[in-house]
Amino acid sequence: MPDREPRKDAVRNRQAVLAAADDLFAHCESPEAVTMAAVATAAGVGKATLFRAFGDRHGLLRALYEARLEPVSAAVTAGPPPLGPTAPPRQRVPALLDALLCFKLDNRRLMLALEEGGSSVSPYQADHYAHWHGLLATMLGRIPGLSDSDFTAHALLAAVRADLVEHLAGHEGVPRETMRARLADFTARILDAGPVRGPADED
């Protein structure tokens with residue numbers, strides 16, 4: 001028996017909720033202010049409707065994140081170079097990090113909520129982090145002479161953490177283009193660095 005399509009009112013309610021949540025995050029002083037009750041009121045739906053559709057606040061955060069990320073995901077999955085899958089890793093790695101930085105700058109409150117308080121698990125165990133880490137580690141593993149792609153992926157992703165982006169943009173007032181240039185320079189230095197001998201290599 002084929003799956004039934006969602007009712008039109010359910011689709012309409014979902015769109016209204018995501019639009020309301022998007023607007024609240026864009027204009028809030030703190031991500032904690034965007035509660036399920038606030039979203040329900042702004043969307044003109046009942047809290048019960050909200051919980052049925054998304055389960056909890058983390059489910060709502062994930063749904064909004066995925067909706068906002070869709071253009072980036074499409075570019076990474078099937079777009080042209082330097083972000084798409086046919087680009088050489090040395091071009092694609094900095095392009096991906098730049099895309100993630102720009103996305104987080106455009107969605108600062110949402111990403112703070114998702115990375116800091118969206119789930120009871122460690123942010124490094126979250127699905128969205130695991131996705132980008134896995135993709136980045138795979139790219140790095142294809143660059144000759146670059147060792148330990150797993151750790152390097154973690155280190156590069158640390159440079160675009162939402163709390164760091166918020167600190168630099170919101171508290172230090174670093175301009176967007178300056179942040180992008182600094183990230184590009186940092187990434188280039190990581191990719192161009194040769195292997196470093198550690199304590200284990202000296203035994």
Side-chain angles (χ1 to χ4, degrees), residues 18 22 25-26 61-116 118-119 121-170 172-198 201:
L18 292 178
D22 192 24
F25 275 115
L61 293 173
R62 280 284 304 170
L64 181 55
Y65 165 76
E66 289 169 1
R68 294 286 288 160
L69 189 71
E70 189 172 343
V72 177
S73 296
V76 171
T77 302
L83 196 53
T86 61
R90 281 189 176 274
Q91 293 180 15
R92 200 178 182 208
V93 167
L96 176 61
L97 290 166
D98 182 66
L100 291 177
L101 173 61
C102 290
F103 180 80
K104 292 187 180 185
L105 284 167
D106 292 337
N107 299 274
R108 282 161 52 187
R109 304 295 187 271
L110 169 63
M111 292 311 301
L112 276 175
L114 187 66
E115 291 187 11
E116 292 185 348
S119 173
V121 302
S122 161
Y124 300 103
Q125 295 176 305
D127 290 344
H128 59 90
Y129 183 88
H131 169 73
W132 295 121
H133 176 267
L135 180 60
L136 194 56
T138 299
M139 294 183 203
L140 292 166
R142 294 173 180 162
I143 297 177
L146 190 67
S147 60
D148 201 347
S149 60
D150 183 81
F151 176 79
T152 304
H154 282 303
L156 289 171
L157 286 174
V160 294
R161 273 185 55 92
D163 53 358
L164 177 59
V165 170
E166 176 64 21
H167 174 75
L168 294 174
E172 294 191 2
V174 180
R176 180 189 188 96
E177 293 308 311
T178 300
M179 292 178 64
R180 294 180 68 190
R182 288 177 179 175
L183 177 63
D185 179 66
F186 172 70
T187 304
R189 283 187 280 121
I190 294 294
L191 297 185
D192 293 339
V196 178
R197 288 174 58 86
D201 301 316

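These numbers were taken from a predicted model, which means no experiment stands behind them. Heavy atoms only: backbone and side chains are in, while hydrogens, waters and symmetry mates are out.
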For this session: Mind checking the CG-CD1 spacing from Leu156 to Ile190? Nearest 0.5 Å is all I need.
Result: 6.0 Å
Problem set entry | For Ala75 against Leu83, the heavy-atom pair lying closest together | CB-CD2, 3.7 Å
For this session: Measure the shortest side-chain to side-chain distance between Arg176 and Asp106 over non-hydrogen atoms and say whether it is less than 4.5 angstrom.
Result: yes
For this session: Identify, with sequence neighbours excluded, every residue that meets side-chain hydrogen bond (donor to acceptor under 3.5 Å, both in side chains) alongside Glu70.
Result: none
For this session: Compare every heavy atom of Trp132 with every heavy atom of Leu100, then report the nearest pair and how far apart it is.
Result: CD2-CE2, 3.7 Å
Exercise. Nearest 0.5 Å, what's the NE2-CG distance between His131 and Leu69?
Worked result: 7.5 Å
For this session: Quick one: pull up OG in Ser149 and CE in Met139 and give me the separation to the nearest 0.5 Å.
Result: 12.0 Å
Exercise. If every non-hydrogen atom of Pro94 is compared with every non-hydrogen atom of Leu191, which pair is closest and at what distance?
Worked result: CD-CD1, 4.0 Å
Exercise. CG of Leu97 to CG of Leu183: how many Å apart, nearest 0.5 Å?
Worked result: 5.5 Å
Exercise. Once you round to the nearest 0.5 Å, how far does CZ of Phe25 lie from CG of Leu112?
Worked result: 9.5 Å
Problem set entry | Contact list for residues 75-98, test side-chain hydrogen bond (donor to acceptor under 3.5 Å, both in side chains), sequence neighbours left out | Arg90-Asp192, Asp98-Arg180
Problem set entry | Candidate list Leu164, Leu101, Val160, test side chain to side chain contact (heavy atoms under 4.5 Å, CB included), partner Met179, passing option | Leu101
Problem set entry | CZ-CG distance between Arg109 and Leu114, expressed to the nearest 0.5 angstrom | 15.0 Å
For this session: For residues 74-87, pull every pair meeting salt bridge (charged side-chain N to carboxylate O under 4.0 Å, His left out), keeping only residues two or more places apart or in separate chains.
Result: none
Exercise. What's the shortest heavy-atom distance between Val72 and Ala99, and which atoms?
Worked result: CG1-CB, 4.3 Å
Exercise. Sequence neighbours excluded, which residues qualify as side-chain hydrogen bond (donor to acceptor under 3.5 Å, both in side chains) partners of Asp148?
Worked result: none
Exercise. Residues in side-chain hydrogen bond (donor to acceptor under 3.5 Å, both in side chains) with Arg182, at least two apart?
Worked result: none
Exercise. Do side-chain atoms of Lys104 reach the backbone of Val165 as a donor and acceptor pair under 3.5 angstrom?
Worked result: no
Exercise. Considering all heavy atoms of both residues, which atom of Pro85 and which atom of Gly79 are nearest to each other, and what is their separation?
Worked result: CD-O, 3.6 Å
Exercise. Do the side chains of His128 and Glu66 get nearer than 4.5 Å, heavy atoms only?
Worked result: no
Problem set entry | By side-chain hydrogen bond (donor to acceptor under 3.5 Å, both in side chains) - contacts of His154 (at least two apart) | Tyr129, His133
Seminar exercise, completed: All heavy atoms of Ala67 vs all of Leu18, minimum pair found to be CB-CD1, 4.5 Å
